[in-house]
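Step one of this worksheet: look at the structure below.
Reminder, nothing fancy here: chain letters follow the sequence lines and each chain counts from 1.
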2 protein chains.
Amino acid sequence: MGIAERKEREKQEKRDLIVDAAARIFAEEGYERTSMRSIAEHIEYSPATIYLYFKDKDELLHAVHELGFGLLMKEMSKVAAVADPLERLRLVALEYVRFCFEHPQYYNLMFNSLEPLNYYEDHCNWDTGRKAFDFLQYAIEDCMQKGLIIEQEPKALTFFCWSFVHGMVSLYTRCRLRALDLSDEESRALIFTGVNTWLDLMKK
Amino acid sequence: MGIAERKEREKQEKRDLIVDAAARIFAEEGYERTSMRSIAEHIEYSPATIYLYFKDKDELLHAVHELGFGLLMKEMSKVAAVADPLERLRLVALEYVRFCFEHPQYYNLMFNSLEPLNYYEDHCNWDTGRKAFDFLQYAIEDCMQKGLIIEQEPKALTFFCWSFVHGMVSLYTRCRLRALDLSDEESRALIFTGVNTWLDLMKK
DNA sequence: TTTACTTACTAAACAATGTTCAGTAAATTG
DNA sequence: CAATTTACTGAACATTGTTTAGTAAGTAAA
């Protein structure tokens, strides 16, 4: 039955078309400022069409959120081949920071905005985030097992590492570094310094 | 001229009435979900009245934002009398964390939301945040001068400390600890542990 | 007191938003 | 060819932030 499959494929393609357009506009304008109507206009369909593919704006946002995590995981996985665990951990952190610099709207959606999590209220667990967290935890456990960093409960230490980097980049993208009188360049440099300082503190 | 003064006073009182109502509703419902109409209804005035006291919703939000900083500074100042600089720094951090736990909506407004900063686009600097940052920096410089913690450029180190705690509480209030399979109580305990771990790492 | 003016406020409207629903035209099926 | 399903839309709805024209009371000057 080739027809049913073609229809299925076309449906998926249209879904992707909507998500891609939404992602682009969300990234440019931010979530609140992009209307369903403007997304519809971009793909040259009526607003009501979007509701045939997504329950509401939240569900569409969630799809974009997943897209963002795909991007982040791809970036972070680039350094998987590096042999030295400590250097690998450092590079993972740097990729994370770089991702935030290059896609601040995605980052905000993934780690600061509350909306995309509405989707998980039924499913109760944030699977997507969990995968990224585990990725980081493996990198840290590797360092710990080889005696390169301090000993700590792995999950807790992973949370601390994540928090530190997340804190820095969030304050940056959310414009709170205005409290520091720094240029944009200086702010970014400071954050990279922060990653190294943190790793030095964790070294045994 | 008593009349002019009374009018001035009454105007200020009404302004406060609006800000207080707005603060309560923002804190309960969140910024996006509270309408100007609902605020107006609470204070038993027409929506248009609010616009006599505030240019728009952003400016009202900013007033609430300032209120939040007043609250935070008050909480953090409670520990000013503690003699031991390291212990004082620890207590400041704990008060900061506690503030976030007790007023998550305020916290989000002050450190994650972009909107209240619109107000500063003309004034270019985030004065309110700067004061809080300086408060923390003094506490840290005190520790450093007495040789209790590692030597570092004070502003940078202050930023790192702030980032770490901000990162932890943000991930918590923004529900990203769902990636960790922890109860609410366990999450909070972990954050307090984090503060102590961080201070241990900074100790010389 | 009477007159002008200012202040404090509101009702009603505006444009834009997310969302729904009845209806339509085309594609598919029997 | 007829019946049914699919994919889509136009128009409406309720709600939002905001503006404007108008009103009624308070104040000041004659």
Side-chain angles (χ1 to χ4, degrees), chain A residues 1-19 21-23 25-26 28-65 109 113-116 118-119, chain B residues 1-19 21-23 25-26 28-65 109 113-119 121:
Chain A
M1 274 301 166
I3 280 180
E5 285 162 14
R6 194 207 68 213
K7 287 225 166 192
E8 190 66 28
R9 203 174 57 237
E10 281 178 350
K11 196 161 177 112
Q12 187 58 46
E13 275 167 14
K14 189 145 295 162
R15 219 190 105 103
D16 289 348
L17 182 74
I18 296 172
V19 176
I25 308 180
F26 283 150
E28 275 169 31
E29 311 285 335
Y31 174 63
E32 300 293 345
R33 274 187 208 83
T34 64
S35 64
M36 297 299 266
R37 281 174 172 81
S38 78
I39 296 171
E41 210 169 338
H42 257 81
I43 57 171
E44 296 178 299
Y45 281 92
S46 105
T49 300
I50 299 178
Y51 289 87
L52 299 175
Y53 295 84
F54 300 92
K55 188 172 123 283
D56 54 19
K57 202 183 174 189
D58 272 352
E59 195 172 295
L60 176 53
L61 186 72
H62 177 262
V64 175
H65 161 270
L109 209 66
S113 178
L114 237 33
E115 281 87 0
N118 293 346
Y119 181 87
Chain B
M1 274 302 170
I3 281 178
E5 286 162 14
R6 194 206 69 213
K7 288 225 166 189
E8 189 67 28
R9 204 176 54 238
E10 282 177 351
K11 197 164 174 106
Q12 186 59 47
E13 276 168 12
K14 189 145 294 163
R15 219 189 104 104
D16 290 347
L17 182 74
I18 297 171
V19 176
I25 308 180
F26 283 151
E28 274 170 31
E29 310 285 335
Y31 174 63
E32 299 293 345
R33 275 186 207 82
T34 65
S35 64
M36 296 299 265
R37 280 174 172 83
S38 79
I39 297 170
E41 211 169 336
H42 256 82
I43 57 172
E44 296 178 300
Y45 281 93
S46 103
T49 300
I50 300 178
Y51 288 88
L52 298 174
Y53 295 84
F54 300 93
K55 189 172 124 283
D56 53 20
K57 201 183 174 188
D58 273 352
E59 196 172 293
L60 177 54
L61 186 73
H62 178 261
V64 175
H65 161 272
L109 209 66
S113 178
L114 237 33
E115 280 88 1
L117 295 190
N118 293 345
Y119 181 88
E121 297 228 326

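The interatomic distance linking Arg37(B) (CZ) with dA13(C) (C1') rounds to 10 Å, in whole Å. Across the protein-nucleic acid pair, Lys55(A) atom NZ and dG18(C) atom P stand 15 Å apart, rounded to whole Å. Rounded to an integer number of Å, the gap from CD of Glu44(B) to P of dC9(C) is 13 Å. Spacing between atom CZ of Phe54(A) and atom P of dT19(C) amounts to 13 Å, rounded to whole angstrom units. The CD atom of Glu10(A) sits 14 Å away from the P atom of dT6(D) (whole-angstrom rounding). Note: CD (Glu41(A)) to C1' (dT17(C)) measures 14 Å, nearest angstrom. A straight line from CD of Glu59(B) to C1' of dG17(D) spans 15 Å, rounded to a whole angstrom. Between Tyr53(B) atom OH and dT10(C) atom P there is a gap of 10 Å when expressed in whole angstrom units.
Among dT9(D), dT19(D), dT18(D), the nucleotide with an atom closest to any side-chain atom of Ser46(A) is dT9(D). Listed candidates were dC8(D), dA8(C), dC21(C). Nearest to the side chain of Ala48(A) is dC21(C). Distances were taken from every side-chain heavy atom of Leu52(A) (C-beta onward) to each of dG17(D), dT10(C), dT9(D); the shortest belongs to dT9(D).
For the pair His62(B)/Phe54(B), no side-chain contact is recorded, criterion being any heavy-atom separation below 4.5 Å from C-beta on. In this structure, the side chains of Leu52(B) and Lys14(B) stay at 4.5 Å or more apart for every pair of heavy atoms. Using a 4.5 Å heavy-atom threshold, the side chains of Ile43(A) and Thr49(A) count as separate. A heavy-atom distance below 4.5 Å is found between the side chains of Tyr53(A) and Lys11(A).
Between Thr49(A) and the phosphate of dT9(D), there is a side-chain N or O to OP1/OP2 separation shorter than 4.0 Å. The side chain of Lys11(A) places no N or O atom within less than 4.0 Å of a non-bridging phosphate oxygen (OP1 or OP2) of dT6(D). One finds no side-chain N or O of Tyr51(B) lying less than 4.0 angstrom from the OP1 or OP2 phosphate oxygen of dT10(C).
In this structure, Thr34(A) reaches the sugar-phosphate backbone alone: every heavy-atom distance under 4.0 Å involves primed, P, OP1 or OP2 atoms, never a base.
Other residues, nucleotides and ligands contribute only 12 or fewer heavy atoms inside 6.0 Å of the CD atom of Glu44(B). More than 12 heavy atoms of other residues, nucleotides or ligands sit less than 6.0 Å from atom CD of Glu32(B).
Where Pro47(A) and Met36(B) meet DNA chain D, the nucleotide closest to each residue was compared, and Pro47(A) sits on the side nearer the 5' end.
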Intra- and inter-strand pairs of DNA chain C in dot-bracket (Watson-Crick or G-U wobble, both distances under 3.5 Å; | for another strand): ||.||||||||||||||||||||||||.||
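Cation-pi check for Lys55(A) over Tyr119(A) is not met; the charged atom does not lie both under 6.0 angstrom from the ring centroid and within 45 degrees of its normal.
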